[in-house]
Chemist: 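I'd like to ask you about the structure that follows.
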Amino acid sequence: ITDIEPRHGPQAGGTRVRIKGEFLNAGSHIEAFIGNYSCRIVKTKRKVAVCITSKSSRPQKLDVSMQFDHGKPRVLERKRFEYVQDPTIEFAYSGSTGQTKIPKGIPSGGVNITVVGTDFQYIQEPSIYILQSEARHLGPCKVATNTLMFCQSPAVDTLTQDAWPDLKNPTPIRLDYGFE
């Protein structure tokens with residue numbers, strides 16, 4: 001093993017780590033670890049392996065290793081993976097900041113939503129989700145800074161015109177949302 005990228009990820013886990021080296025696909029049973037935490041391998045090739053980090057109990061720097069066919073673990077020298085503080089979300093809104101800080105959208109999606117919080121820089125593929133009738137609808141997000149992220153509301157195709165008895169004066173429907 002010669003390198004990893006990225007070298008940081010939230011302690012909640014889920015970071016996609018690329019492990020670089022030689023002969024990383026050797027053997028029929030290949031495992032990767034960050035410290036004692038399993039890193040679930042999703043792809044191996046001769047010079048690169050990709051794994052998804054597990055949850056860590058706290059922020060910490062740990063060695064990265066791989067084990068081939070239950071043999072001696074191969075440890076990355078002089079470079080460690082650092083579990084960092086999980087991101088937090090303070091508030092999200094759409095429209096001008098003078099309105100209440102509640103994002104609003106339309107069933108067809110595409111409304112820009114601003115998200116303010118902390119520790120966003122290590123999020124790899126952020127998204128927003130909206131729950132409606134037990135269906136989960138996903139929309140893309142982009143991290144702008146460590147404290148600012150922009151999302152597009154997803155289309156909520158499970159909402160039909162039947163949801164609004166008076167189409168000329170529709171009443172907003174409050175839906176649960178979150179980020180992943």
Side-chain angles (χ1 to χ4, degrees), residues 4-19 32 34 37-43 48-62 81-180:
I4 57 167
E5 65 177 43
R7 291 195 190 156
H8 306 84
Q11 72 182 70
T15 300
R16 207 175 172 80
V17 177
R18 289 172 43 94
I19 303 171
I34 310 274
Y37 300 110
S38 176
C39 192
R40 183 176 52 87
I41 292 184
V42 293
K43 178 168 76 172
V48 69
V50 178
C51 69
I52 309 295
T53 61
S54 298
K55 180 179 181 172
S56 170
S57 59
R58 59 187 168 85
Q60 58 187 319
K61 287 184 180 180
L62 297 169
F81 181 84
E82 183 178 9
Y83 280 103
V84 296
Q85 197 71 35
D86 284 338
T88 60
I89 293 174
E90 294 170 16
F91 59 89
Y93 64 89
S94 59
S96 72
T97 55
Q99 297 176 352
T100 49
K101 293 185 171 120
I102 297 172
K104 296 175 179 70
I106 54 177
S108 59
V111 172
N112 292 325
I113 297 172
T114 302
V115 183
V116 177
T118 61
D119 298 312
F120 289 167
Q121 77 265 35
Y122 299 118
I123 305 173
Q124 289 179 316
E125 296 175 19
S127 60
I128 183 172
Y129 64 85
I130 294 177
L131 300 174
Q132 201 275 324
S133 298
E134 298 183 30
R136 190 179 183 100
H137 306 276
L138 290 174
C141 297
K142 281 213 180 295
V143 173
T145 68
N146 191 32
T147 59
L148 192 63
M149 181 167 65
F150 299 107
C151 302
Q152 281 208 326
S153 66
V156 182
D157 52 14
T158 53
L159 277 176
T160 63
Q161 289 186 353
D162 301 339
W164 293 277
D166 182 3
L167 286 177
K168 290 186 177 154
N169 251 337
T171 306
I173 298 171
R174 187 176 286 267
L175 301 174
D176 290 328
Y177 69 95
F179 301 90
E180 50 185 40

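These numbers were taken from a predicted model, which means no experiment stands behind them.
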Chemist: May I ask you to test the P6-Q124 pair for a side-chain heavy-atom distance under 4.5 Å?
Modeler: yes
Chemist: With rounding to the nearest 0.5 angstrom, report the OG to CG distance, S133 to L175.
Modeler: 8.5 Å
Chemist: What are the two closest heavy atoms between I113 and S153, and how far apart are they?
Modeler: CD1-CB, 3.8 Å
Chemist: Begin from the C-alpha positions of N112 and Q152 and carry the test side-chain contact (heavy atoms from CB on, under 4.5 Å) through to its verdict.
Modeler: CA-CA 5 Å; N112 292 325; Q152 281 208 326; 3.6 Å; yes
Chemist: Can you name the closest pair of heavy atoms from S94 and V111 and give their distance?
Modeler: CB-CG1, 3.9 Å
Chemist: Please check: side-chain N/O of D86 versus main-chain N/O of A12, any donor-acceptor pairing under 3.5 Å?
Modeler: yes
Chemist: Does the side chain of Y93 reach to within under 4.5 Å of the side chain of T114, using non-hydrogen atoms?
Modeler: yes
Chemist: What's the separation between atom NE2 in H137 and atom OG in S127, rounded to the nearest 0.5 Å?
Modeler: 13.5 Å
Chemist: Where do Q85 and P59 come nearest, in terms of heavy atoms and distance?
Modeler: OE1-CG, 3.6 Å
Chemist: Can you name the residues that form a side chain to side chain donor-acceptor pair (under 3.5 Å) with T88, not counting sequence neighbours?
Modeler: T118
Chemist: Start with the C-alpha gap between E90 and T147, add the side-chain angles, then the distance that decides, and say whether side-chain contact (heavy atoms from CB on, under 4.5 Å) holds.
Modeler: CA-CA 9 Å; E90 294 170 16; T147 59; over 6 Å; no
Chemist: Does T53 use its side chain to pair, donor to acceptor, with the backbone of T15 at less than 3.5 Å?
Modeler: yes
Chemist: Pair C39, F81 - check side-chain contact (heavy atoms from CB on, under 4.5 Å), show working.
Modeler: CA-CA 11 Å; C39 192; F81 181 84; over 6 Å; no
Chemist: How close do V143 and T145 get, heavy atom to heavy atom, and via which atoms?
Modeler: CG1-O, 3.3 Å
Chemist: Quick check for you: to the nearest 0.5 Å, what is the distance between R18 atom CZ and K43 atom NZ?
Modeler: 7.0 Å
Chemist: Ignoring hydrogens, what is the shortest heavy-atom contact between Y83 and R58? Give both atom names and the distance.
Modeler: CB-O, 4.0 Å
Chemist: Would a 4.5 Å heavy-atom cut-off, applied to side chains only, mark L148 and V116 as touching?
Modeler: yes
Chemist: Using every non-hydrogen atom in the two residues, find where Y122 and G9 come nearest and quote the distance to one decimal.
Modeler: CB-CA, 4.4 Å
Chemist: Measure the shortest side-chain to side-chain distance between D119 and P10 over non-hydrogen atoms and say whether it is less than 4.5 angstrom.
Modeler: no
Chemist: Is S54 reaching over with its side chain to a backbone N or O of Y37, donor-acceptor style, under 3.5 angstrom?
Modeler: no
Chemist: Taking V156's backbone N and O only, do any of them form a donor-acceptor pair with Q132's side chain (distance below 3.5 Å, no angle check)?
Modeler: no
Chemist: Of all residues at least two apart in sequence or in a different chain, which pass the salt bridge (Lys or Arg N to Asp or Glu O under 4.0 Å) check with E82?
Modeler: none
Chemist: Could I get the full list of side chain to side chain donor-acceptor pair (under 3.5 Å) partners for R136, not counting sequence neighbours?
Modeler: E180
